[in-house]
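To keep things clear, I will list the structure first and then write my remarks on it.
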Amino acid sequence: MSRLIEHDSVKAARILDSARELAVEHGVRKVTIAEIAAAAGVGKGTVYLYWETKEDLFVGLAARELLAWIDTVNTQIGQDPHVILPRRLAPLLIRTGGNPWLRWLRSDDSALRQLLHRPADQKRFADASPSAMGNAVLTILRDHGIVRDDLPLPRQMYALHAVLVGFGTVMAAPAAAGPLTIDDPETALADTVHLLLEPPRDPAARVVTKAAEEVLARFTEIHGNLLELVAAGAAGTR
């Protein structure tokens, strides 16, 4: 599936937008097809023209959010390979991961897991999870000497996750930091990640370029798998 149906159908785009808004407000389990159709200004039958079940609709919506996020990150890396340096990548992840639906996807909410009945879907989403993508990226960067290899990878992943969650929390709600305020929290995040993960000496440009190509290849593979998932959930494809 090279083109998403909402690119050719205004009604499909409205349905997806309505489903996203209702899910953020009420939770996936409580939202019905009838409510989605009413919010989108279409009949229930129109929804079923595009998705055979509510589960297919929301799995497809989740995949679309991840696809959009991967597109954003890939574009940034393509424009400047040095974006893969942890001190550059961490602020980018905070900036691009702030919408409510994407935060829900990355939380430990059981709703999405309950929608993933097909083993192939479970695998595709598992590969696109923050932990799996983080492990893939850090492994590539370690192999190229861009990230320190004197500590176990799981410990680095745990520490990086804690840093991102902490900074993400206080950057989204500065009051959470109490009386501590700074003008540029992204710089503080970059400094912290640099000290946590990067060796003292910056890598050569050719090393960064090679590593960026491998990161892009991995992200592109995940992107393609998610597109297959969207196609598998479209009405009339099974």
Side-chain angles (χ1 to χ4, degrees), residues 1-24 28 31 33 36 40 42 46-79 81 83-84 89 92-93 95-107 109 111-137 139-140 212-238:
M1 184 179 191
S2 59
R3 189 173 175 86
L4 299 174
I5 55 175
E6 63 269 24
H7 294 165
D8 298 313
S9 170
V10 174
K11 288 182 179 179
R14 286 208 312 269
I15 292 166
L16 287 166
D17 288 341
S18 298
R20 182 188 296 109
E21 292 173 5
L22 288 168
V24 169
V28 169
V31 177
I33 289 293
I36 294 169
V42 300
T46 301
V47 178
Y48 289 120
L49 286 176
Y50 300 110
W51 297 276
E52 293 181 355
T53 67
K54 168 186 157 179
E55 288 75 15
D56 287 331
L57 192 164
F58 278 110
V59 167
L61 179 56
R64 283 166 169 80
E65 297 295 331
L66 292 171
L67 285 167
W69 178 80
I70 292 172
D71 282 339
T72 299
V73 174
N74 280 357
T75 297
Q76 294 291 318
I77 296 173
Q79 292 173 347
V83 167
I84 66 164
L89 191 56
L92 175 62
L93 296 179
R95 287 196 302 272
T96 58
N99 78 67
W101 178 255
L102 195 55
R103 285 201 303 271
W104 176 81
L105 282 178
R106 290 172 172 168
S107 71
D109 195 305
L112 178 60
R113 293 196 300 274
Q114 291 178 0
L115 297 178
L116 298 172
H117 302 303
R118 295 185 292 268
D121 292 353
Q122 296 169 7
K123 175 67 165 57
R124 290 175 178 124
F125 269 103
D127 289 343
S129 69
S131 58
M133 295 183 77
N135 270 290
V137 171
T139 297
I140 292 170
E213 291 173 354
E214 294 184 22
V215 170
L216 281 173
R218 178 58 180 149
F219 281 12
T220 299
E221 179 185 1
I222 294 170
H223 191 279
N225 290 339
L226 289 171
L227 280 176
E228 291 178 5
L229 185 151
V230 172
T237 59
R238 295 198 300 277

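Please read all numbers here as calculations on a predicted model, not as lab measurements.
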#### Entry: Trace of the salt bridge (Lys or Arg N to Asp or Glu O under 4.0 Å) decision for Arg14 with Asp17
CA-CA 5 Å; Arg14 286 208 312 269; Asp17 288 341; over 6 Å; no

### Message
Please check: side-chain N/O of Arg124 versus main-chain N/O of Leu226, any donor-acceptor pairing under 3.5 Å?
### Response
no

### Query
Between the side chain of Lys54 and the main-chain N/O of Val28, is any donor-acceptor distance below 3.5 Å?
yes

### Task
Report the residues that fulfil salt bridge (Lys or Arg N to Asp or Glu O under 4.0 Å) with Glu221, sequence neighbours left out, ordered by chain and then residue number.
Arg218

### Message
Is there a side-chain contact between Lys11 and Tyr50 in this structure, where contact means two heavy atoms from C-beta onward sitting under 4.5 Å apart?
### Response
yes

### Query
Could you state the interatomic distance from CZ (Arg64) to CG (Leu229), rounded to the nearest 0.5 Å?
10.0 Å

### Task
State the OG1-CG distance between Thr96 and Asp71, to the nearest 0.5 angstrom.
11.5 Å

## Note on the structure
Scanning both residues in full, the closest heavy-atom pair of Phe125 with Ala63 reads CZ-N, 3.7 Å

#### Entry: Residue pair Val59, Trp51: steps toward the side chain to side chain contact (heavy atoms under 4.5 Å, CB included) verdict
CA-CA 10 Å; Val59 167; Trp51 297 276; over 6 Å; no

### Query
Is the shortest heavy-atom distance from the side chain of Tyr48 to the side chain of Asp56 under 4.5 Å?
no

### Query
Side chains of Ile36 and Phe58: does their closest heavy-atom pair fall under 4.5 Å?
yes

### Any residue meeting salt bridge (Lys or Arg N to Asp or Glu O under 4.0 Å) with Lys123, in chain and number order, not counting sequence neighbours
Asp127

#### Entry: Minimal non-hydrogen separation, Pro81 against Ala212, with atom names
CB-CB, 3.7 Å

### Query
So which of Leu66, Leu227, Ile70 actually passes side chain to side chain contact (heavy atoms under 4.5 Å, CB included) with Ile222?
Ile70

### Spacing of Ile33 atom CD1 and Thr46 atom OG1 [to the nearest 0.5 Å]
11.5 Å

#### Entry: Flag, side chain of Thr72 to backbone of Ala68, donor-acceptor distance under 3.5 Å
yes

### Query
Could you state the interatomic distance from CD (Glu214) to CZ (Phe219), rounded to the nearest 0.5 Å?
12.5 Å

### Query
Does the side chain of Ile84 reach to within under 4.5 Å of the side chain of Val137, using non-hydrogen atoms?
no

